[in-house]
Enquirer: 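If you scroll down you'll find the structure; I have some questions about it.
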Number of protein chains: 2
Amino acid sequence: MSVPSGSRARTRQAILDAAIEVLARNPAASLGDVAEAADVGRTTLHRYFPERGDLIAALRAEATARLDRAGDRARLGEGPGGTALVRLCQEYFDLGDVLSLLFREQVEDEAGSCDEDFDAMVRRGHADGSIDPELPPVWVQNLVWSQLYAGWSYQSEHGASRHDALRLVLRCVSGAVRPQP
Amino acid sequence: MSVPSGSRARTRQAILDAAIEVLARNPAASLGDVAEAADVGRTTLHRYFPERGDLIAALRAEATARLDRAGDRARLGEGPGGTALVRLCQEYFDLGDVLSLLFREQVEDEAGSCDEDFDAMVRRGHADGSIDPELPPVWVQNLVWSQLYAGWSYQSEHGASRHDALRLVLRCVSGAVRPQP
DNA sequence: CCAGAACGGAACAGTGGTGTTCCATTGCGG
DNA sequence: CCGCAATGGAACACCACTGTTCCGTTCTGG
């Protein structure tokens, strides 16, 4: 069972990866497009994800899993709030397609309810003076997401390098949340 | 000709308004949905816009027209670059659905090629010290759009008042472009 | 009041995506 | 080498949207 599981898990992951890439660029892409991008027959895709909803559910799970791992790496609990926020942006930035996929699919799970750790981080920033107290945590979350999306599109549509895009994102995010004189 | 034109123009506008509202929330909405929102039979819609492409073309024209008017009202040529930028954000903010429609449809016409007046405004800001010289005009444009989208979604998804959303947008945009100490 | 414009509804064929079934082929472990 | 798992391709019915035609109804100006 574990032997075929190796093969099964591999193709399943290939389908998910392809789906992330394809659906990030065009949320209305057909399953045929996804299958083709995954180098897999449409039949095989249906074998793993019987309905379209099953695929996007798995996609959502995969995306939030990556998101959580990125959140862990950012160590939101350490250092000043503003510094932790910048670390989080760095980690999120590398999620690439996953980012815009979640952004376009309007994932309220993460963006709406505002993660607990994120909330605590922003409030800590309010207290230690590294984040403007007038900015609610939810707003900061919105801010981060839209900035990351801007950076992503700056990269993909204006041929900017990853380094430049990331630099601009971090600069503008930190500038936006910094308390005003 | 001008007499029926009164009725025709009115219906046409009603369809366009409804299309903006519906397609802003769901770019994949059917023409039936648009017609229903416009209180118009699907037949009538096809009478004004034979194909879907005709509708979105007219939509694009309508949107850019409103965008241009907003740009004129902002008087991009007056005052410091940073101040003019804030004025532009205020004007754009009130475009509401048009904004997110253009944002989601990836209108490169305006967002990509970077309007000439906008470009001049940013460069003036670079010179007069109100906009960080490290931020390219195209990036500032991306920044503005993503911030406005954030403000729009903050309004519609978190029940924030127009006033609060606008205030946060302006605060964060001006903070993001301000030269860093 | 009357003629023409504007409109709405029904019906139709065409299209593309979807989900399913069946069968042939490939690959890998026992 | 054999058998099972995994896959790919073809064919199929189904469905929603689209674009079109036709006809009856309503509105409006002359």
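Letters A, B, ... are given to chains in the order of the sequence lines, protein chains preceding strands, and every chain is numbered from 1.
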Enquirer: Looking at the base of D:dG19, is there any donor atom on it, or on the side chain of B:R42, that sits under 3.5 Å from an acceptor on the other one?
Expert: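 When only heavy-atom distances are counted, B:R42 does reach the base of D:dG19 through a donor-acceptor pair under 3.5 Å.
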Enquirer: What is the nucleic acid contact for B:S30, judged by heavy atoms within less than 4.0 Å: base, sugar-phosphate only, or nothing?
Expert: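 Since only primed, P, OP1 and OP2 atoms lie under 4.0 Å of B:S30, the category is sugar-phosphate.
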Enquirer: Base, sugar-phosphate, or nothing: which does A:R52 touch, judged by heavy atoms less than 4.0 Å apart?
Expert: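 Answer is sugar-phosphate: A:R52 comes under 4.0 Å of backbone atoms only.
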Enquirer: Do B:Q13 and B:D17 meet the criterion of a side-chain donor-acceptor pair at a distance under 3.5 Å?
Expert: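 Yes, side-chain donor-acceptor contact under 3.5 Å.
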Enquirer: Check the side chains of A:T11 and A:Y48 for a donor-acceptor pair under 3.5 angstrom, ignoring hydrogens and angles.
Expert: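 Their side chains do contain a donor-acceptor pair, which is all the 3.5 Å distance test asks for.
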Enquirer: Name the residue closer to the 5' end of DNA chain D, choosing between A:R12 and B:H46 according to the nucleotide with the nearest heavy atom.
Expert: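 Its nucleotide being nearer the 5' end, the pick is A:R12.
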Enquirer: Would you indicate what B:F49 reaches in the nucleic acid, counting non-hydrogen atoms under 4.0 angstrom: base, sugar-phosphate, or nothing?
Expert: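 Nothing: the residue B:F49, judged by heavy atoms under 4.0 Å, touches no strand.
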Enquirer: D:dG8, D:dA6, C:dT18: which one has an atom nearest the side-chain heavy atoms of A:Y48?
Expert: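 Given the options D:dG8, D:dA6, C:dT18, the side chain of A:Y48 is closest to D:dA6.
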Enquirer: For the side chain of B:L31, starting at C-beta, report the closest nucleotide among D:dG19, C:dG19, D:dT7.
Expert: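 Of the candidates, D:dG19 comes closest.
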Enquirer: Flag the pair A:L31 / A:H46 as yes when at least one side-chain heavy-atom distance between them is below 4.5 Å, and no otherwise.
Expert: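 A side-chain contact exists here, since the closest heavy-atom pair is under 4.5 Å.
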Enquirer: Check whether any side-chain N or O of B:T43 sits under 4.0 Å from OP1 or OP2 of C:dG8, and answer yes or no.
Expert: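 False: B:T43 side-chain N/O out of range (4.0 Å or more) of C:dG8 OP1/OP2.
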Enquirer: Applying a 4.0 Å non-hydrogen cut-off, can you work out what A:D39 is touching in the nucleic acid: base, sugar-phosphate, or nothing?
Expert: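 Sugar-phosphate contact only.
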Enquirer: Less than 4.0 angstrom from a charged side-chain N to a carboxylate O is my criterion; do A:E134 and B:R167 meet it?
Expert: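 Here A:E134 pairs with B:R167 in a salt bridge, since their nearest N and O are under 4.0 Å apart.
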